[in-house]
Every structure is written in structure tokens, then in C-alpha cells.
Amino acid sequence: MNGEAALTLRVTGVRSQNPRGFGGAIFTGVPIDPMGTVLDACTYIVVKANRATLGATQVERGQWWSVRGPIVERRSVVDGYQVLEQQVDAEAAHLAMPSGEHIVSYIAGNAAFEGLGSVKARRLWERFGERLYGLLDTGDASTLAEVLTPDISQRLVEAWAQQGHSRVLQWLQAQGFDVRLGRKVIRFFGADAQTRIEEDPYRLLSFEGQWAAVDRMARERFGVALTDPRRVRGAVEEACYRIFASGHTAMVSADLSDAVVPLLGKPPAGIRWRDQLATAITAAVSNGSVVQTSHGLQPLGALVMERQVAQAIQQRLKDGDIELLTPDEVERSIEQGEAEAGIELNPEQCNAVRLAARHAFVSITGGAGVGKTTVLRALYRIYDATGTKVLQVALAGRAAKRMQEATGRPALTIASFLKSVTEATFEGPTVLVLDEASMVDVISMSRLCQVLPQHVRLVLVGDPHQLMPVGPGLVLHCLTGQPKVPGVELLTVKRYGGDIAKAAADIRAGRWPALSDDETAPIAFLPCEERLMADLVVDLYALDPQNTQILAPLRNGRPGTKNLNSRCQARFTKCNASVTRWNIEFSQAEHCGLNLGDVVLCTRNLWDKGLQNGSLGRVVEVEPAPTQLPTEDDPVVAWVEWDDGMRRALTPDMLENIELGYAVTVHKAQGSQWPRIIVPLTGSRLLDRTLVYTAVTRAQRQVILVGDEEAARLAVIKTPRFVERRVALDLALNRLL
């Protein structure tokens with residue numbers, strides 16, 4: 001049977017949750033009518049639904065799902081038998097009623113219900129259904145004991161009397177709330193959740209609700225009119241979220257209006273949205289969600305974070321110089337370090353060391369290869385001599401790893417550092433050195449400043465001409481050129497010279513360099529049509545795969561990392577052994593998307609495995625069948641040799657965070673280097689001077705740029721995108737200093 005299907009199913013089994021690490025689920029279910037009666041006991045349906053279709057809801061046995069999509073018959077072999085199945089590739093899917101997901105999630109995820117996990121909670125729902133709410137509300141432990149032990153039943157009703165929100169759970173369920181969103185609403189509002197949401201449905205936006213879904217629910221379920229002031233205020237709040245998420249921490253009223261109008265859609269006849277916005281913005285200022293400052297409007301959270309960072313800097317500078325050594329002692333330390341290392345610091349580097357030894361806050365900036373790490377080594381001699389403890393952090397795992405390798409001292413990501421902080425962390429004289437600071441957004445910087453005692457010195461190191469932070473705000477960029485903030489820019493390139501250094505300097509300054517079209521030159525640009533770029537990039541990669549890394553601005557599209565990785569795998573490892581894991585449902589092996597010889601990338605910090613977000617490796621051995629080792633909790637499916645020289649087991653639980661790594665984004669590459677890089681460039685909103693400069697400076701011996709040279713040239717000569725980012729940290733600093 002083939003065609004289009006629209007079915008309501010009761011889930012009978014989940015074959016795969018988050019298959020291959022891309023989200024979604026594959027599950028089986030039996031068709032039911034609106035009352036839950038099974039329509040055909042001999043029929044079951046296999047549903048394949050991706051992450052976009054399912055959203056954040058996890059599929060569980062016993063749920064009711066309404067699904068729509070093409071249905072086809074498929075044959076598969078299970079335990080040696082050929083099975084004919086009907087499969088729906090879901091184009092739309094939503095959790096139908098009834099579902100015990102809210103109450104199951106509430107009981108299983110609440111520490112008050114000790115000993116009652118999701119398995120026991122789901123058994124209760126499957127046994128009692130909607131009756132469960134009444135049984136809990138009346139404290140009917142004897143009936144609950146039909147499923148649980150008497151002790152656990154009694155403990156459950158006692159905890160429910162203190163913690164339960166039966167009416168709220170039922171209401172959330174009836175309104176079709178996503179479970180994750182519903183859990184947040186209950187945690188914040190408790191028993192008042194229904195009242196507070198009915199008063200203003202747009203309060204859901206504060207719990208990560210999507211505007212379109214919240215707006216639809218408000219209008220359809222709560223009868224909110226298009227021109228209701230609550231709707232306009234909600235749109236203002238959503239616009240502030242979006243402006244902040246796009247990187248800005250400040251705005252003018254016109255920016256806010258431009259962002260709000262599209263959210264509200266076409267107005268009713270005779271209504272102009274802009275006429276209502278002034279009132280809505282005034283209300284937002286009155287309730288404190290938006291703050292009117294001398295330079296425009298700021299979301300309250302952005303204002304607080306920027307002021308926190310500014311105050312942390314001001315506190316370290318207000319008392320004037322805090323010298324670690326006398327000037328003569330600093331000079332002797334520099335000279336001794338030069339003699340021991342057999343190097344000579346240039347005047348810029350010496351000045352950086354002097355400033356950091358004299359001030360409790362300093363920034364050290366400069367392009368690739370100017371010797372920032374050399375300055376740190378010289379500075380660390382002074383810190384060691386004065387008993388000052390050095391703490392090293394960076395935003396990304398790969399940047400922290402390179403920092404550790406370059407200095408020979410421990411380094412952590414900001415996230416890991418914040419988790420590890422104890423009372424002993426800052427005992428005695430201490431300095432925190434933040435590397436690759438151009439990547440650090442105001443959220444991360446404010447969290448750091450929040451935990452740092454005032455006596456801890458701060459050194460920020462980075463290059464504001466590289467990519468700006470992915471998150472909102474700017475930090476290092478705002479400090480550069482501030483006359484009252486001690487800082488040194490290193491300009492003399494020491495790591496490499498020649499054509500790459502000259503081209504990088506030109507790009508950094510906004511000049512398009514004259515580039516050769518010879519693919520053997522140290523730096524070259526090979527013009528190429530977009531439809532042919534992927535083939536050319538893979539051909540160039542094949543000339544020296546062991547020393548080459550592809551860096552792409554985008555993940556999607558023909559020149560994106562996804563397509564390039566797929567092309568490289570097809571070219572280099574297609575015929576090699578495949579990495580497989582065991583599918584329990586079908587009792588057979590399934591392909592994981594990796595082959596022997598593939599380059600792989602770790603996309604998340606896996607500290608227990610010794611891996612960081614951005615670690616690269618190569619699959620060097622594939623297990624014919626998953627193998628259980630005494631040292632691993634999960635079976636080993638393959639072995640990967642990582643860029644730190646370690647050979648580590650690859651287990652199924654890691655696969656969600658491992659992907660092909662022949663090509664990575666330029667953002668992932670920040671803080672790293674390779675002998676040879678290939679960079680496909682096409683016109684896109686992400687292409688700007690800082691991206692091209694960051695990519696070029698990742699190379700040690702050769703850079704090959706491929707694609708649209710005119711688009712690249714225009715991106716380089718145009719003002720960098722970070723200049724367009726509206727922030728107020730620099731203004732806050734000026735006021736304080």
C-alpha cells in the first residue's frame with residue numbers, strides 16, 4: 001500500500017531515539033480511533049520522524065501520536081524472516097490526547113518523588129490513565145499499590161500532597177503544551193501556572209516558547225485579539241530576544257519597531273502597528289524588561305551583563321598601578337627569560353610584559369604569528385617569581401587545548417572552569433588569563449566576572465580582527481583603543497613571513513591582496529563556479545590529505561561542510577570497512593555513517609573521554625562486531641587516533657557527538673593551525689573580512705582559496721560585520737573610568 005496517510009497511533013515501541021545523532025525517532029504504533037480503540041489488531045505502522053517534525057518531545061511507549069505523511073510498504077529481514085511493514089515518513093506529527101507525558105515527566109523528574117523513575121511513573125499512567133490525577137489528589141495509596149509496593153505508594157501520595165499540581169498538569173496537557181515547556185512553567189509558577197498564563201499567554205515567551213506557536217495558542221485557545229495590548233507587548237518582548245540573539249546588546253526605538261512589525265503580521269483595517277508600539281515600549285520600560293539609557297534601549301539582561309563586565313575592569317584599575325615587581329626587576333626577568341629561551345623580545349612584546357606586571361587588568365592583542373604566546377611565557381616567569389597563581393581559560397575546547405600545549409600549563413574552557421570553581425580556586429595572589437578573547441561574548445564574560453574576587457588580576461589575549469563572538473555583545477573589541485584601559489597591540493609578525501603573512505596583513509587592513517592562481521603557490525585563489533566548487537576542493541584535498549584541512553564558512557549548501565564531508569568520504573573511504581552498531585529492534589548491525597580512514601570531528605566536550613569540542617581524529621580500526629572491553633561501559637565499535645596522539649575507543653554513546661571532519665567551519669577552526677588549508681568562498685551574509693582573515697591565518701605553509709573572488713574581495717574591503725553590532729560596553733566603561 002502506497003499513498004498519503006493521516007493516522008492516530010498508540011506507540012507500541014521505540015526502535016530508535018535520536019537515530020545517528022540527528023534527532024527525531026523511529027517508532028511503531030497501532031492505529032486507533034479518537035476513543036483509543038485499536039482499529040486493527042493485526043496492523044502496525046512504522047513511523048520515521050525527524051527532529052524538526054517532533055520538536056523537543058520525546059517519543060515514549062503508550063503515547064498517542066497524530067501523524068501525516070506518505071505511506072509505503074517496505075520489506076526487511078528480522079531474525080532471518082522477511083517482514084512486510086507499512087512505513088510513514090512523517091511530514092507532520094503532534095502528541096495527541098490523552099498522554100501521560102506531563103504527569104510522567106513531573107513525577108520522574110522531581111526529586112521529591114524519590115524512588116519513582118520514568119518506568120514506574122509510566123506504569124501508573126498505563127494502568128490508570130486519567131484516573132491517576134484523582135487517585136493522587138485523594139491520596140488513594142491502596143489503589144496505587146496495584147502497581148507499586150505499599151511503601152512506595154504511600155511515599156508517592158505524601159509527596160504529591162506537598163508537591164503535586166494536578167489541576168495545572170491536566171490544564172497544561174489539555175492546552176497541548178510541549179512537555180519541556182510545561183515543566184518550566186510549573187517550576188516557575190507552581191500552582192498559579194494556569195492563572196498566570198491565562199492572564200497573559202505571552203508570558204510563555206520567557207520560557208523559550210517560539211513566537212509563532214505562542215501567538216497561535218494565545219489567539220486560538222485564549223481568544224486574544226490581533227490588537228490586544230498583551231499581544232503587542234509580547235511582540236516587543238520577542239523582538240528584544242531576537243535582537244539580542246542576533247548579537248546586539250543595545251538598540252534604538254526604530255530598530256525595535258522594525259523587528260516588531262513583521263511579528264504582528266498584517267494589521268486589521270484602519271490600524272497601524274507603529275501607532276501602538278510607543279505605548280508597548282513605554283510599558284516595557286515601566287516593567288523593567290527594557291531600560292532606557294542615554295544611548296538608546298537595552299534589554300535588562302544585556303544591560304546588567306555589560307555593567308558587570310565594566311565594573312570588573314574598573315575595580316581592577318581604580319587603585320592605579322599594582323606592581324608585582326619593581327621596573328628594574330621586571331627588566332631583569334625579561335632578560336633572563338630571553339637568555340634561557342635563546343630569543344629576543346621586540347619592544348612591543350616587552351611593553352606588554354611591563355604593562356601586565358604593573359596593572360591588574362590588561363589586554364594583549366595582535367594578529368596571527370606576532371608572538372602573543374611568547375609574551376605569556378615571559379609574563380609567567382614574573383607571576384611564578386611573585387607567587388601569583390596562573391589560571392588559563394579559553395572559550396572553546398580546542399583553543400584551551402592549544403593554550404595548554406603552547407604554555408605547558410593547564411587550561412580549561414570557560415564552562416569547565418566555572419564548574420570547577422571552589423573556595424580554594426582564588427586563594428592568594430591569582431591571575432586569570434583569557435585566550436582567544438575575541439571569541440568571548442558578553443554572557444560568558446559576565447559569568448567569569450561574577451565569580452572572580454576583586455584581587456584576581458585579568459589578562460585578555462586575542463585578535464579583534466578575527467571572527468567576532470557567536471553569542472551577543474563584544475568584549476575584546478570594545479577594549480581596543482580605549483585610552484584608559486591598559487593594552488598593547490603586537491604588530492610584528494614573528495611566526496611566519498612571506499606571501500601568507502603579507503596577504504594576511506592586507507586582509508586585516510581591508511585591502512584585497514594580489515593573489516596567484518597557481519595551486520602550488522604559498523597562497524592562491526582559484527576562481528570557480530559554485531556548482532563545480534565541491535569537486536575542485538576535493539581534488540585539491542586529495543593532493544596532500546595528511547597535511548590539509550578544509551575550512552568552510554557554512555555548513556549547508558554545495559560549498560558547505562556537510563556536502564564537502566560527504567564528497568570526501570565518497571572519494572576516499574567508500575570501499576573501506578564501515579563502522580556499525582547493533583540494532584536491538586532488528587537484531588542486526590546498522591551503519592553509523594563512518595568508515596575506516598575517515599577524518600572525524602568531536603562536536604561537544606567529552607571530558608570523560610579526554611576530548612574537547614573541535615578535537616579532530618581519524619578512524620584507524622573498525623571492530624567487525626561491537627566488542628565489550630573491561631575498560632568501557634559500552635561496546636567498542638571502532639578506534640580513533642585523535643590529534644593529541646592518543647588512540648581511543650569509539651563507543652555508541654559517543655556517536656551523537658562525532659561527525660565527519662574533512663571540512664570544518666571557520667568558527668570551529670579559530671585557535672587552530674594546519675600546514676595546508678583549502679577555503680571555499682561564495683557570497684553569503686557570513687562572508688566578511690574577519691572570516692577570510694581568520695581562515696587564511698590558520699595556515700602554516702599554504703592557503704588555497706576557491707570560488708568567487710569578487711565576492712571575497714568585496715567582503716574584505718567592506719567594513720567588518722562586528723562594526724555593525726550595536727553594543728554599549730564601551731560606553732559603560734567610559735562612564736566608570
Side-chain angles (χ1 to χ4, degrees), residues 55-57 94-95 97-99 101-103 105-106 109-110 133 137 160 162-245 256-257 259-265 267-268 271 273-292 297 299-302 304:
T57 305
H94 67 270
L95 201 57
M97 303 308 298
S99 165
E101 195 62 18
H102 285 91
I103 192 168
S105 173
Y106 181 71
N110 192 325
Y133 293 112
D137 284 343
W160 184 266
Q162 298 295 322
Q163 300 283 332
H165 301 295
S166 177
R167 181 175 59 84
V168 176
L169 287 167
Q170 286 179 299
W171 180 79
L172 289 171
Q173 187 168 301
Q175 300 305 321
F177 276 66
D178 174 88
V179 173
R180 183 175 58 91
L181 184 60
R183 188 184 299 127
K184 290 182 178 181
V185 170
I186 283 186
R187 188 180 303 127
F188 190 80
F189 289 125
D192 294 331
Q194 179 177 349
T195 302
R196 301 304 297 277
I197 299 304
E198 286 177 339
E199 285 176 353
D200 186 354
Y202 294 94
R203 285 181 172 136
L204 292 171
L205 293 170
S206 299
F207 302 96
E208 300 181 26
Q210 297 296 314
W211 167 259
V214 171
D215 189 40
R216 183 172 57 253
M217 180 182 291
R219 289 186 288 112
E220 294 177 357
R221 293 183 179 271
F222 298 95
V224 176
L226 287 175
T227 57
D228 191 304
R230 294 175 296 175
R231 182 170 186 260
V232 182
R233 288 198 304 268
V236 169
E237 182 180 348
E238 173 69 12
C240 287
Y241 290 151
R242 294 190 178 191
I243 290 170
F244 185 61
L256 192 52
S257 297
V260 170
V261 170
L263 296 174
L264 294 172
I271 298 294
W273 291 131
R274 292 183 186 274
D275 294 338
Q276 300 190 12
L277 284 179
T279 302
I281 293 173
T282 299
V285 171
S286 297
N287 66 30
S289 60
V290 177
V291 180
Q292 180 73 56
L297 299 171
L300 178 61
V304 169

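One finds the CG atom of L204 at 11.5 Å from the CG atom of D215 (value rounded to the nearest 0.5 Å). Here the CE-CD1 distance, from M217 to I197, works out to 9.5 Å after rounding to the nearest 0.5 Å.
No side-chain heavy atom of Q276 sits less than 4.5 Å from a side-chain heavy atom of L264. A 4.5 Å side-chain heavy-atom check between T195 and F189 finds every atom pair outside the cut-off.
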Next item on the list: Tell me, with the steps shown, if F188 and R196 meet side-chain contact (heavy atoms from CB on, under 4.5 Å).
Entry: CA-CA 11 Å; F188 190 80; R196 301 304 297 277; over 6 Å; no
Next item on the list: Dump the intermediate steps for side-chain contact (heavy atoms from CB on, under 4.5 Å) on I281 and V290, then the final yes or no.
Entry: CA-CA 8 Å; I281 293 173; V290 177; 5.7 Å; no
Next item on the list: Quick one: do T227 and V232 satisfy side-chain contact (heavy atoms from CB on, under 4.5 Å)? Show the steps, please.
Entry: CA-CA 7 Å; T227 57; V232 182; over 6 Å; no
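With hydrogens and angles ignored, the 3.5 Å screen pairs a side-chain donor or acceptor of R230 with a backbone N or O of E199.
Of all heavy-atom pairs spanning Y241 and L205, the tightest one is CE1-O, 3.5 Å. Closest heavy-atom contact between Y202 and G234: CB-CA, 4.0 Å. Between R231 and L263, the closest heavy-atom pair is NH2-O, 4.0 Å. When all heavy atoms are compared, the tightest approach of V214 to P201 is CG1-O, 3.7 Å.
Residues that satisfy the salt bridge (charged side-chain N to carboxylate O under 4.0 Å, His left out) test with D200, not counting sequence neighbours, are absent from this structure. When the side chain to side chain contact (heavy atoms under 4.5 Å, CB included) test is applied to P267, the partners found at least two apart in sequence or on another chain are I271, W273.
Ion pair R242/E238 flagged as a salt bridge, since at least one NZ, NE, NH1 or NH2 atom sits closer than 4.0 Å to an Asp/Glu carboxylate oxygen.
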